[in-house]
Amino acid sequence: MNAAACDEFDPTALTVEQARAAILEACRAVTGTRTRSLETATGRVLAADVHARLDVPPARVSAMDGYALRAADAREAGSRLRRVGQAAAGHPWDGTLPPGSCVRILTGAVVPDDADTVVMQEHVTPDGDSVQFDRPAPENANIRGPGEDTRRGEALYRTGQVLGAAEIGVLASQGIAEVDVLRKPRVVFFSTGDELVPVDEPLEPGQIHDSNRHMLRSLLSRYAVKARDYGIIPDDEDAVREALESAGREADLILTTGGVSVGDADYITRILQERGEVGFWKIAMKPGRPLAFGRFGQARFVGLPGNPVSAMATFGLFVGPALRSLAGLPVGEPRTLRARLCEDLRKRPGRTDYQRAIVETEDGVDVVRSAGGQGSHQLSAISRANAFVVLPREADGARAGEWVEVLPFSELY
Ligand code: AMP
Ligand code: MG
């Protein structure tokens, strides 16, 4: 493939969906595993099936604060039983229950063997050492049976399960302190460009601060990945080769920004083809100039455009899903909504537009308006925005009052 510019009408350009599918196909889950304690397992993916070790609850326990008794001893309203003991959570009562007696019981306490029901305390009138039951005692009430939550030996979770708060809680209830999870994908990222200067150094004429790398680091921090920052690499064939060679040895994914424009692409192509493969994909979307995708060494390579808005948009649409896939997480289609457009939006037919926009609910209706400057260098507009308005490839714009497709940033970032 060569680095031809994106023609608005290029029939060979990939759709966003085609590009996504191809990237996901190439970014299958990593295979290495690690043992992790529950403290550090949130968001990780199980690398082995987990079975229950225990019955939970482990015994019959009370679901209420009240009294444990034989239901037959309080068949009628007004029955009086002698209170012979107390069972609290962590403090079982180990006596035997004589006929005509009951035991004070608190939530989570083991129900004495001879008792077959628990009456909630709101339905009794205590009186010295005895208790009057205000209504007939129901049978087998307010008792949680052993294994009602999980049963020893049952399959709890399969390989591939993502561990969220509820799963961590279940594992803890089983006394499982450690789990085998997939290792985190390793990502190396760097910026390319002779004009780029670190944020903490003053600018000379013609220079700009390197914003992409900070944006990427921030974006990457939301994923279960090990990210390594190689800094700013100048537009120099040897320097880029050196960075890629090192990254190609240690990373699962190499992420760069800049240097994939038509003028730059030749030397990047040369380097990438030496020890890998690369395609400069024309994707029928805007923003998003040619996106480089391939391999270098053992790593997949994604070369994002240098323009910051394009870099952020293509990260959301392609890199985020790739990272999830590498981590073994499920990857769904981003969910869009329909909103009513407050103003005319302009575009040229040929590419799908992802215009930066603000969507909000007014009088129960989702409405959307432009977030301002739509240039791919205008990062401040994406910062004001909370969504993309997705305008179809063949459309020449959209008019105020039309219902348009909106992709909330919460689906991407
Ligand atoms: P390129 O893809 O290298 O041709 O860059 C396209 C545009 O994005 C140029 O205006 C660059 O100066 C700008 N650019 C590239 N990399 C960065 C970066 N890391 N931070 C901010 N702007 C960048
Ligand atoms: Mg550049």
Side-chain angles (χ1 to χ4, degrees), residues 1-7 13 19 187-221 227-244 247 251 253-272 278-294 296 301-320 351 354 356 372-385 413:
M1 271 180 270
N2 68 19
C6 249
D7 184 334
V187 179
V188 165
F189 64 106
F190 58 88
S191 300
T192 67
D194 283 343
E195 75 282 28
L196 302 177
V197 172
V199 284
D200 53 357
E201 286 177 25
L203 297 178
E204 303 287 339
Q207 296 182 326
I208 56 171
H209 286 299
D210 172 13
S211 44
N212 287 351
R213 199 161 42 90
H214 291 275
M215 203 168 67
L216 286 184
R217 190 187 298 112
S218 172
L219 288 163
L220 289 167
S221 71
R228 196 127 178 243
D229 182 354
Y230 276 17
I232 300 168
I233 308 293
D235 288 320
D236 170 83
E237 193 165 331
D238 288 338
V240 173
R241 178 182 292 108
E242 209 174 294
L244 285 174
L253 181 73
I254 305 169
L255 204 53
T256 65
T257 72
V260 292
S261 306
V262 183
D264 300 319
D266 289 348
Y267 82 86
I268 296 241
T269 311
R270 211 164 35 241
I271 299 169
L272 282 158
V278 68
F280 284 84
W281 292 357
K282 292 171 283 179
I283 303 177
M285 65 177 285
K286 192 179 171 197
R289 309 245 305 168
L291 181 90
F293 183 76
F296 193 82
F301 170 83
V302 181
L304 299 177
N307 276 304
V309 174
S310 308
M312 184 147 168
T314 46
F315 184 102
L317 290 167
F318 306 115
V319 180
R351 294 196 269 168
Y354 289 77
R356 280 67 73 199
Q374 295 293 322
S376 59
H377 60 299
Q378 288 173 301
L379 205 48
S380 57
I382 209 167
S383 157
R384 278 189 299 276
Y413 304 114

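Counting starts at 1 for both ligands and their atoms, following the listed order.
- To the nearest 0.5 Å, atoms CG (Asn212) and CG (Leu196) are separated by 7.5 Å.
- The closest approach between a heavy atom of Gly193 and any atom of ligand 1 is not below 4.0 Å.
- On a distance-only criterion, Asp210 and ligand 1 share at least one N/O pair closer than 3.5 Å.
- Those atoms of ligand 1 with a heavy atom of Gly259 less than 4.0 angstrom away are 1 (P), 2 (O), 3 (O).
- The 12-atom threshold is exceeded at CD of Gln207, counting heavy atoms of other residues, nucleotides or ligands nearer than 6.0 Å.
- Summarising the geometry, atom CZ belonging to Phe293 is positioned 5.0 Å from atom CH2 belonging to Trp281; distances are rounded to the nearest 0.5 Å.
- Considering both main-chain and side-chain atoms, Gly306 comes within under 3.5 Å of ligand 1 through a nitrogen or oxygen pair.
- With atom 7 (C) of ligand 1 as the reference point, the heavy atom nearest to it among Leu196, Asn307, Thr257 is part of Asn307.
- At a heavy-atom cutoff of 4.0 Å, ligand 1 is contacted by the side chain of Glu195 but not by its backbone.
- Closest heavy-atom contact between Val240 and Pro234: CG2-O, 3.6 Å.
- Ligand 1 has no nitrogen or oxygen under 3.5 angstrom from a nitrogen or oxygen of Ile208.
- For ligand 1 and Ser191, the ligand atoms under 4.0 Å from any heavy atom of the residue are 19 (N).
- Counting heavy atoms under 4.0 Å from ligand 1, residue Ile232 does not touch it at all.
- Nearest heavy-atom pair, Ala243 versus Tyr230, reported as atom, atom and distance to 0.1 Å: O-CE2, 3.4 Å.
- Side chain of Arg356 to main chain of Tyr354: a donor-acceptor pair is present (N/O by atom type, distance under 3.5 Å, no hydrogens or angles).
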